[in-house]
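One structure is given here, and the rest of the page talks about it.
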Amino acid sequence: PQGPTHRLSASEIRYTHLGPAHFGTAISSPYPNGRRVLWSNGLNGIYKADHDSLEILGVYPSPDGAHYSPAHAEEKISAFNKRTTGPIALAQAISTARMLRNLSSVYTLLDKGNRYYVGDKIGKIVIYGDAETGNSNSNINKLNSYDLPSDVTGNLVGMNMTFDGWLIVATEHGFIVAISRDFKTVRTTRLKHSEGSGDKASAAIGYGWVRNGFAIDEQGGIYVASQNHMHKVIWTGDHLSTDPQDGAWTAEYRNGTGHGTGATPSLMGFGEEDRFVVITDGDPVMNVDLFWRDQIPPDWQQLPDTPSRRIAGQQPANMGDPNIIGIQSEQSVVVEGYGALVVNNIPRNVPWYAPKQAHPLYISFLGSNPKHQPFGMQKFSWNPTARALKTAWVNNQISSPNGVPLVSSTSNLVYLIGARNNEWTLEAVDWTTGEEAFHYVIGDQRYNSLYSATLLDENGHIMYGSTWGRVHLRPVER
């Protein structure tokens, strides 16, 4: 999308009710008829929809599916359209958020055979697929399931796949498990420093010893962040290794809050470029940290105020305000080339009567209201000649309340779901300069992104998950 700024008409927005918590969507490979489909999971169950029309092609319903009906969604949307601030709005946000306690299958992936893997937080992996292989119109069948070994403890908090086709999962207690896709062979290891991570009494909900997904590179490097450390585990093709002789490493990062990073690691640098893994750390004013992904250059000197020589760059994400006392983001760092972007996810003007555990509601269900929405995005850039990480730009006029931004190298724009005047928007920001390029006004609380990722398909169309369904933006060229 290239703009110009305007309000999208009803014909430029496609919305389909799927039910709550369809945060992520996987776009299939083309079927024999050339069609692509979307796979997603939420509280209503597993859904398969046409990529272009959003027509629902198949459903594998959950036991709670009937409860989260379109009528139920419309009632909730209407309530939030009436109020996104004040005690009544907070009460309805608390009530609505309770449904997410039942969500167990956040982590998914889709393989080249259009088999959809769903990881349950209690350690079960289920594969769904087409009832009729190769038929995009067929309903969904449950194909297989696998329970993690009994000695692997902790909720499942991430799932990915190696380049040679092994399923990799991680648990909050620091176990890494490699599973062949026929579920006949399994390999396990445990991250260093994970002793005591199984003490559930010491971990708040959502703040386990490992609390995010992980990244995998083409050479078998698996990058996992734990509460105080960044880890590289090596998949050799036969086993998982934490041995430095195989190229594995563990490096400490700053963690002043004690909660660790809120970011899934991102990879930066490929081929002959400098290669890093990137996270935000756990300091009250989080830093963007670059870790040397492979061997540390022999002449590299440890940076001041860093706990590890492996850290190649450490810069505060203070949104240009050196006096700021706290800022955090729950998103992966957005990386393109040597650029790294973070957004502010701390609500402003939280009312006195809101308990601390309710503060996230002011960026989720109430995040579009100008009284509460957070503002700020900051891009950092690695200079390979100077071997230094510096701030490239700051934009404090753009708000990304809860969604995950996306950068397009073709348009040189960052796209994100934002908010203006209590309506949800698509924001586009120049990746080089940080200046606003354009924005689309999407509309009311039906279009709240609620922590979902902004996606861009091969036709240049933006799509994302909303609180109760999926949204496709199809702007008419002006």
Side-chain angles (χ1 to χ4, degrees), residues 21 23-26 41 103 105-110 117-119 121 154-162 167-177 191 206-218 221-233 235 250-251 253-255 257 259-269 275-283 286-291 293 311 317 328-336 339-345 360 363-364 377 380 400 402-407 414 416-417 449-455 464-465:
F23 296 123
T25 292
N41 72 303
L103 183 66
S105 304
V106 175
Y107 299 98
T108 69
L109 62 84
L110 184 69
Y117 296 73
V118 179
K121 67 181 180 182
N155 289 340
L156 192 153
V157 293
M159 182 162 57
N160 208 326
M161 188 172 282
T162 64
L167 194 67
I168 307 292
V169 299
T171 77
E172 66 177 351
H173 293 171
F175 287 93
I176 309 297
V177 185
L191 298 176
Y207 290 94
W209 193 74
V210 176
R211 52 184 278 218
N212 302 288
F214 53 90
I216 298 180
D217 70 20
E218 70 277 16
I222 302 170
Y223 301 89
V224 187
S226 65
Q227 196 170 73
N228 292 287
H229 296 83
M230 187 69 228
H231 305 260
K232 180 178 183 179
V233 177
W235 169 246
T250 297
Y253 63 81
R254 293 173 63 98
N255 186 22
T257 65
H259 293 313
T261 177
T264 295
S266 301
L267 301 184
M268 174 187 286
R275 290 157 48 95
F276 308 104
V277 56
V278 187
I279 61 169
T280 50
D281 64 24
D283 267 5
M286 64 182 182
N287 296 286
V288 169
D289 292 345
L290 272 58
F291 298 81
R293 213 155 89 207
I311 295 177
Q328 292 290 310
S329 173
E330 286 297 316
Q331 319 299 0
S332 301
V333 180
V334 179
V335 171
E336 204 283 317
L341 178 83
V342 292
V343 296
N344 174 22
N345 286 147
I363 66 167
S364 56
M377 53 196 305
F380 300 85
S400 175
N402 57 50
V404 184
L406 171 80
V407 59
V414 181
L416 56 92
I417 304 304
S449 49
L450 198 70
Y451 299 115
S452 71
T454 309
L455 300 177
Y464 67 96

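Index from 1, following the sequence. Computed from heavy atoms alone, side chains included, the values below leave out hydrogens, waters and symmetry copies.
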Heavy-atom check, side chain of [X] versus side chain of [Y], under 4.5 Å:
X      : Y      : answer
Pro265 : Met230 : yes
Met286 : Val342 : yes
Tyr253 : Asn287 : no

Which atom pair, heavy atoms only, marks the closest approach of [X] to [Y]?
X      : Y      : result
Leu450 : Ser364 : CD1-CB, 3.6 Å
Met268 : Val278 : CB-CG2, 4.0 Å
Gly403 : Pro405 : O-CD, 3.5 Å
Ala215 : Asn160 : CA-ND2, 4.2 Å
Ala225 : Val210 : O-CG1, 3.8 Å

Spacing of [atom1] belonging to [X] relative to [atom2] belonging to [Y], to within rounding of 0.5 Å:
X      : Y      : atom1 : atom2 : result
Ser329 : Asn345 : OG    : CG    : 4.5 Å
Ile168 : Met159 : CD1   : CE    : 11.5 Å
Tyr464 : Leu416 : OH    : CG    : 11.5 Å
Thr261 : Asn228 : OG1   : CG    : 11.5 Å
Ile417 : Tyr451 : CD1   : OH    : 15.5 Å
Ile176 : Thr171 : CD1   : OG1   : 7.0 Å

Quick one, Leu109 with Leu167, criterion side chain to side chain contact (heavy atoms under 4.5 Å, CB included). Give me CA distance, side-chain angles, the key distance, then yes/no.
CA-CA 9 Å; Leu109 62 84; Leu167 194 67; 3.6 Å; yes

Test item: side-chain donor near acceptor, Asn402 and Ser449, under 3.5 Å:
yes

Going by distance alone, is a donor N or O of one side chain under 3.5 Å from an acceptor N or O of the other, for Tyr223 and Asp217?
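Judged by distance alone, the side chains do pair up.
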
Does the pair Met377 and Val414 meet the rule for a side chain to side chain contact (heavy atoms under 4.5 Å, CB included), with working shown?
CA-CA 11 Å; Met377 53 196 305; Val414 181; 4.3 Å; yes

Apply side chain to side chain contact (heavy atoms under 4.5 Å, CB included) to Val233 and Phe214, showing your working.
CA-CA 11 Å; Val233 177; Phe214 53 90; over 6 Å; no

Any residue meeting salt bridge (Lys or Arg N to Asp or Glu O under 4.0 Å) with Arg254, in chain and number order, not counting sequence neighbours
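Checked Arg254 against salt bridge (Lys or Arg N to Asp or Glu O under 4.0 Å); matches are Asp283.
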
Just by modelled atom types, is the [Y] backbone N or O under 3.5 Å from a matching donor or acceptor in the [X] side chain?
X      : Y      : answer
Arg211 : Glu172 : no
Ser266 : Val334 : no
Asn255 : Gln227 : yes

Could you list the residues that satisfy ring-ring contact (aromatic ring centres under 6.0 Å, His included) with Phe276, not counting sequence neighbours?
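Phe276: ring-ring contact (aromatic ring centres under 6.0 Å, His included) contacts with Trp292, Trp382.
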
Please enumerate all residues that pass side chain to side chain donor-acceptor pair (under 3.5 Å) together with [X], with sequence neighbours excluded.
X      : value
Ser452 : none
Thr108 : Tyr116
Ser226 : His231

Go through the structure and list residues passing side-chain contact (heavy atoms from CB on, under 4.5 Å) with Val404, not counting sequence neighbours.
Gln331, Ala453

Decide yes or no on side chain to side chain contact (heavy atoms under 4.5 Å, CB included) for Thr280 and Val288, but give the supporting numbers first.
CA-CA 4 Å; Thr280 50; Val288 169; 4.1 Å; yes

